[in-house]
Every structure is written in structure tokens, then in C-alpha cells.
Amino acid sequence: MKRIHFENNKNWLWITVLVLSLIFILVGTFELIKFKNPKTNNTINLVGYSLQILYYSNHFWRKNYVQWNKANMMIRINSWTGNNIRFNTIETTQLIDKKLIITKNNGDKVTFDMTKIQEADTQKLLDIILKNTSIKSVKK
């Protein structure tokens with residue numbers, strides 16, 4: 001059984017990486033510190049952009065990935081593309097035959113195949129949806 005990697009956007013490690021990258025980019029671009037070697041600012045700038053690439057490519061490293069904050073979530077299960085879903089647009093959530101079906105207010109349905117996913121991870125995903133929406137229970 002496969003696992004889902006869950007990441008809340010309040011992860012301090014990634015926030016630190018993002019802030020450090022912005023500092024490096026600003027110092028490297030505007031040459032706030034004068035170095036003897038003029039290429040040092042270019043190197044600092046390169047490190048800043050590399051940290052940005054590291055931060056924004058994080059969700060491509062894993063095949064099963066869920067990232068969320070209090071407004072929306074990005075779910076990527078068994079695919080290379082993810083689905084961004086705003087919590088306030090979720091009308092119902094169903095788990096039928098190991099398929100997670102999320103129905104939005106406008107009638108659109110998003111389906112995820114959970115057959116090869118561990119039961120504990122499926123339950124955690126449902127708990128995240130229930131905690132952040134006005135839905136009281138999941139139809140099974």
C-alpha cells in the first residue's frame with residue numbers, strides 16, 4: 001500500500017527556506033554588500049533562486065501528495081497533475097468502493113482512486129476535508 005505525503009503550509013522549515021531565498025535574491029540583485037569579487041553577488045543570487053526552485057518543486061517529488069491551508073487544498077494522487085480545491089466550494093464528499101468523490105457547489109465532481117492508498121492516509125485526508133469545511137460527515 002502506498003502512502004500520501006501530507007504537508008500543511010505552516011511548515012516552518014519551508015517558510016524558512018522561502019524567506020532565506022528572498023533575502024539571498026535581494027542581497028544578490030541589489031548588491032547590498034560590496035564584495036572584493038564581483039561574481040559573489042551573482043552566486044548569492046543563484047543560491048536564492050535555487051532555494052526558490054527547491055521550495056516550489058516540493059510537491060513534484062512525490063506521486064501522492066496533499067498540501068493544504070485554511071482556504072484550499074491541492075490533492076495529487078496517482079497522477080502528475082494535482083487538483084486545487086477551495087474548501088468553501090465543497091458541497092459533499094463520498095468514499096465509495098475506495099473512490100473519493102468530492103462534489104463542488106457548481107456540480108463538478110472530482111474523483112480520486114484510493115485503492116492502493118493506505119486506509120490511515122485515506123482517513124487523514126477525509127479528516128482534513130471535514131475539519132476545514134462545513135460538512136459534518138462523509139457518505140460511505
Side-chain angles (χ1 to χ4, degrees):
M1 299 298 264
K2 296 180 182 178
R3 301 289 318 250
I4 297 175
H5 179 77
F6 292 94
E7 185 172 322
N8 192 343
N9 282 350
K10 294 179 181 178
N11 187 335
W12 287 105
L13 172 69
W14 289 113
I15 292 172
T16 304
V17 167
L18 188 60
V19 169
L20 264 174
S21 71
L22 291 173
I23 291 170
F24 283 149
I25 290 170
L26 290 174
V27 168
T29 301
F30 296 112
E31 299 179 0
L32 300 175
I33 302 171
K34 301 296 180 191
F35 296 103
K36 289 182 182 179
N37 186 352
K39 294 190 179 198
T40 304
N41 280 316
N42 289 340
T43 305
I44 291 172
N45 206 7
L46 178 67
V47 169
Y49 282 113
S50 298
L51 288 174
Q52 289 271 321
I53 290 170
L54 180 73
Y55 176 79
Y56 286 110
S57 68
N58 182 24
H59 67 276
F60 291 113
W61 301 345
R62 297 169 185 92
K63 190 170 184 177
N64 302 315
Y65 182 80
V66 173
Q67 183 180 27
W68 80 98
N69 57 26
K70 59 184 172 184
N72 59 18
M73 68 188 319
M74 196 276 292
I75 303 174
R76 191 166 66 93
I77 297 177
N78 296 322
S79 70
W80 283 104
T81 59
N83 290 315
N84 288 318
I85 301 171
R86 295 190 59 81
F87 287 123
N88 62 0
T89 64
I90 296 176
E91 187 173 305
T92 61
T93 302
Q94 299 174 340
L95 184 62
I96 302 171
D97 296 328
K98 298 265 186 176
K99 295 204 183 292
L100 177 64
I101 303 167
I102 298 174
T103 306
K104 297 182 182 181
N105 293 341
N106 61 4
D108 290 344
K109 291 186 179 184
V110 182
T111 304
F112 299 100
D113 184 15
M114 307 295 276
T115 53
K116 296 180 182 178
I117 304 298
Q118 287 188 1
E119 188 69 31
D121 288 345
T122 302
Q123 188 60 45
K124 185 173 181 177
L125 177 58
L126 291 172
D127 290 343
I128 291 168
I129 293 171
L130 290 176
K131 181 181 176 186
N132 292 292
T133 62
S134 60
I135 300 172
K136 300 298 180 206
S137 65
V138 175
K139 297 177 186 177
K140 293 186 179 186

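If you read the sequence from its start, that first residue is 1, and numbering goes on from there.
Residue-environment remark: CH2 (W61) exceeds the threshold of 12 foreign heavy atoms within 6.0 Å. Heavy atoms of other residues, nucleotides or ligands lying less than 6.0 angstrom from OH of Y55 number more than 12. In N106, the CG atom is crowded: over 12 heavy atoms of neighbouring residues, nucleotides or ligands sit closer than 6.0 Å.
Across every non-hydrogen atom of L95 and V138, the tightest pair is N-CG1, 4.0 Å. Closest non-hydrogen pair, I135 versus I90, comes out as CD1-CG2, 3.4 Å. Minimum heavy-atom separation, G48 to S21: O-CB, 3.2 Å. Between I25 and Q52, the closest heavy-atom pair is CD1-CG, 3.8 Å. Residues N132 and K70 approach most closely at OD1-CA, 4.2 Å, considering heavy atoms. Taking each heavy atom of F24 and I44 in turn, the nearest pair found is O-CG2, 3.3 Å.
Rounded to the nearest 0.5 Å, atoms CE (M114) and NZ (K116) are 13.5 Å apart. Atom CG of L13 is separated from atom CD of E7 by 8.5 Å, given to the nearest 0.5 angstrom. From N72, atom CG reaches atom CH2 of W68 across 12.5 Å, with rounding to the nearest 0.5 Å. To the nearest 0.5 Å, atoms NZ (K99) and CG (D97) are separated by 8.5 Å. If you take CD on E31 and CG on N42, they are separated by 7.5 Å, rounding to the nearest 0.5 Å. Note that CD1 of I75 and CG of N84 are 9.5 Å apart. Values are rounded to the nearest 0.5 Å.
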Legend entry - Test side chain to side chain contact (heavy atoms under 4.5 Å, CB included) applied to L125 and F6, step by step: CA-CA 8 Å; L125 177 58; F6 292 94; 4.1 Å; yes

Legend entry - Evaluation steps, side chain to side chain donor-acceptor pair (under 3.5 Å), between T103 and E91: CA-CA 6 Å; T103 306; E91 187 173 305; over 6 Å; no

Inset, instruction - Please report the C-alpha distance between I102 and F112 in whole Å, then the side-chain angles of each, then the deciding distance to 0.1 Å, and finally whether the side chain to side chain contact (heavy atoms under 4.5 Å, CB included) criterion is met. - result: CA-CA 9 Å; I102 298 174; F112 299 100; 4.0 Å; yes

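With 3.5 Å as the limit, one finds no donor-acceptor pair spanning the side chains of N58 and Q67.
Note on K98 versus E119: salt bridge recorded, some NZ/NE/NH1/NH2 to OD/OE distance being below 4.0 Å.
Under the 4.5 Å side-chain contact rule for hydrophobic residues, L54 and V47 share a cluster. L20 and Y56 fall within a single hydrophobic cluster, where Ile, Leu, Val, Met, Phe, Trp and Tyr side chains are chained together by heavy-atom contacts under 4.5 Å. Hydrophobic clustering keeps I77 apart from I101 (ILVMFWY residues linked when any side-chain heavy atoms are closer than 4.5 Å, directly or through intermediates). Tracing side-chain contacts under 4.5 Å through hydrophobic residues (I, L, V, M, F, W, Y), one never reaches I85 starting from M74; they form parts of separate clusters. Under the 4.5 Å side-chain contact rule for hydrophobic residues, L130 and M73 share a cluster.
Looking only at distances, a side-chain donor or acceptor of T122 sits under 3.5 Å from a matching main-chain atom of Q118. Side-chain atoms of T29 do not come within 3.5 Å of backbone N or O of L26 as any donor-acceptor pair. The backbone N or O of D113 lies less than 3.5 Å from a partner atom in the side chain of N78, making a donor-acceptor pair. Judged by distance alone, the side chain of D121 and the main-chain N or O of I4 form a donor-acceptor pair under 3.5 Å. Here the side chain of N69 pairs a donor or acceptor atom with the backbone of A71 at under 3.5 angstrom.
Under the 30°/60° scheme for interplanar angles, the aromatic rings of H5 and Y65 are found to lie parallel.
Under the 4.5 Å side-chain criterion, counting only non-hydrogen atoms from C-beta, F35 is in contact with N41. By the 4.5 Å heavy-atom criterion applied to side chains, V17 and L51 are counted as neighbours.
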